[in-house]
There are 2 protein chains.
Amino acid sequence: MPHECKVETALDILVGKWKPVILFHIFQEEVLRFSELQRLIPDITKKMLTTQLRELEYHDIINRKVYAQVPPKVEYSITDYGKGLTPLLDSMHNWGLSHLEHLDQIYGESKLEKNN
Amino acid sequence: MPHECKVETALDILVGKWKPVILFHIFQEEVLRFSELQRLIPDITKKMLTTQLRELEYHDIINRKVYAQVPPKVEYSITDYGKGLTPLLDSMHNWGLSHLEHLDQIYGESKLEKNN
DNA sequence: CTGGATCCACTTTGATACTG
DNA sequence: CAGTATCAAAGTGGATCCAG
């Protein structure tokens, strides 16, 4: 089989309880410090924020810039390569949006989360 | 905020240890019986196959057709609505494919899975 | 300020046996 | 054939404390 399915590969990069929201904020703000991400995502713990950022960094989606100063300052931003995710994220967002409407039509708007 | 990110919504539908491969086979074969899916995905247990199929069915991605006969016969197929996932899955596959190459360039081809 | 390290709770998945 | 039920194992996320 010369042609294999790599959907899972893409999923692996985006999946993780906090990765979408982290990416959302960094895409939107361009550059964010660790503490700013914490403030934007109140429920995340430092541990999770760190690990999710590290994974995104490993995949060259985000950049980690450390300022050699005290107190420490670290800025996260989307890499040029990472910006290539934009069309895919848009597609996923749009499909997700329309899917919520579809579920509404099928099951009614009960028991569907409106929050976010 | 009138415009919220629904990337997670899309992720929720596709995520699950076996969902991508299940969808892959049903998309490819059009119609598959429970036992045929088991054969195509040797490592999956009946329990997981059942639950993942149920979730996809709940989201109206696949159709479950039960033949009232003995021994039982159940066929799974992609719904018309589910076929709307094709562009998204293609995008994810293509991005995943190029991402593997990108990782190769960064880290070399060591420690990257070649199997699948 | 930006983490790392540990320990624990919860969730997800797997193994196995059983059933209409 | 196509599941369900039960229990065990593994994986994931959270709470807390420590550190440069």
Side-chain angles (χ1 to χ4, degrees), chain A residues 7-9 11-26 29-59 61-78 113 116, chain B residues 7-8 11-26 29-59 61-78 113 115-116:
Chain A
V7 170
E8 296 189 57
T9 303
L11 282 173
D12 286 343
I13 318 303
L14 284 330
V15 170
K17 187 166 180 184
W18 305 97
K19 280 180 197 161
V21 63
I22 289 172
L23 286 176
F24 175 79
H25 287 300
I26 305 185
E29 305 290 336
E30 305 266 358
V31 178
L32 282 173
R33 296 183 59 174
F34 189 86
S35 54
E36 293 176 317
L37 280 164
Q38 274 193 96
R39 184 175 44 77
L40 290 168
I41 313 169
D43 288 346
I44 198 172
T45 61
K46 297 175 181 192
K47 176 191 170 187
M48 285 311 295
L49 182 52
T50 302
T51 62
Q52 304 269 292
L53 286 169
R54 289 291 186 281
E55 292 179 20
L56 291 170
E57 186 191 2
Y58 173 84
H59 284 284
I61 307 299
I62 63 174
N63 209 310
R64 179 168 180 266
K65 182 173 182 181
V66 182
Y67 290 82
Q69 64 182 46
V70 22
K73 173 178 173 180
V74 180
E75 287 181 344
Y76 294 93
S77 56
I78 306 292
E113 11 79 283
N116 235 38
Chain B
V7 170
E8 297 187 57
L11 282 173
D12 286 343
I13 319 304
L14 286 327
V15 169
K17 187 165 180 182
W18 305 98
K19 280 179 195 161
V21 63
I22 289 172
L23 285 176
F24 175 79
H25 287 301
I26 304 184
E29 305 290 335
E30 305 263 359
V31 178
L32 282 173
R33 297 182 57 173
F34 189 87
S35 55
E36 294 175 316
L37 281 163
Q38 275 192 97
R39 185 175 42 78
L40 290 167
I41 313 170
D43 288 344
I44 199 172
T45 62
K46 297 177 180 192
K47 177 188 171 187
M48 284 310 296
L49 182 53
T50 301
T51 61
Q52 304 269 291
L53 286 169
R54 290 289 188 283
E55 291 178 20
L56 291 170
E57 185 192 3
Y58 173 85
H59 285 285
I61 307 299
I62 64 173
N63 209 310
R64 179 168 180 267
K65 183 173 183 180
V66 181
Y67 292 83
Q69 65 181 48
V70 24
K73 173 177 173 181
V74 180
E75 286 180 344
Y76 294 92
S77 55
I78 306 290
E113 10 77 286
N115 50 336
N116 234 38

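Chain identifiers are assigned alphabetically (A, B, ...) following the order of the sequence lines, protein sequences preceding nucleic acid strands; residue numbering begins at 1 within each chain.
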* Please tell me which of B/K46 and B/Q52 maps to the more 5' nucleotide of DNA chain C, matching each residue to the nucleotide holding its nearest heavy atom. => B/Q52
* To do: Report the residue (A/P71 or A/T50) whose heavy-atom-nearest nucleotide on DNA chain C is the more 5′ of the two.
  => A/P71
Tell me which one of [options] satisfies side chain to side chain contact (heavy atoms under 4.5 Å, CB included) with [X].
X	options	value
A/W18	A/D43, A/L37, A/L23, A/L49	A/D43
B/Y76	B/R64, B/E30, B/R33	B/R64
A/I22	A/L32, A/I62, A/L53	A/L53

* Using modelled atom types only, decide if a donor and an acceptor are shared between the side chain of A/E57 and the backbone of A/R54 within a distance under 3.5 Å. => no
Do the side-chain N or O atoms of [X] get closer than 4.0 angstrom to the phosphate oxygens (OP1, OP2) of [N]?
X	N	result
A/R64	C/dG3	yes
B/S35	D/dA2	yes
A/R54	C/dT2	no
A/T45	D/dT16	no
B/W18	C/dG14	yes
B/R33	D/dA2	yes
B/Y76	D/dC1	no

* To do: Return the nearest nucleotide to the side chain of A/K17; candidates are C/dG14, D/dG13, C/dG4.
  => D/dG13
* Considering only C/dG3, D/dG13, D/dA5, which nucleotide approaches the side chain of A/F34 most closely? -> C/dG3
[N] [atom2] sits how many Å from [X] [atom1], rounded?
X	N	atom1	atom2	value
A/L32	C/dC1	CG	P	15 Å
B/I22	C/dT13	CD1	C1'	13 Å
B/E55	C/dT13	CD	P	8 Å
B/Q38	D/dG3	CD	P	9 Å
B/D12	C/dT12	CG	P	11 Å
A/L49	C/dG3	CG	P	8 Å
B/K47	D/dG3	NZ	C1'	13 Å
A/K73	D/dG20	NZ	P	24 Å

* Asked: Which atom names give the shortest non-hydrogen contact between B/K19 and B/L56, and what distance separates them?
  -> CD-CD2, 4.0 Å
* Reckon B/P72 touches a base, only the sugar-phosphate, or nothing at all at heavy-atom distances under 4.0 Å? -> base
* Structure fact -> DNA chain D nearest-nucleotide lookup for A/D43 and B/V74: closer to the 5′ end is B/V74
* Donor-acceptor side-chain pairing of B/E75 and B/Y67 below 3.5 angstrom -> yes
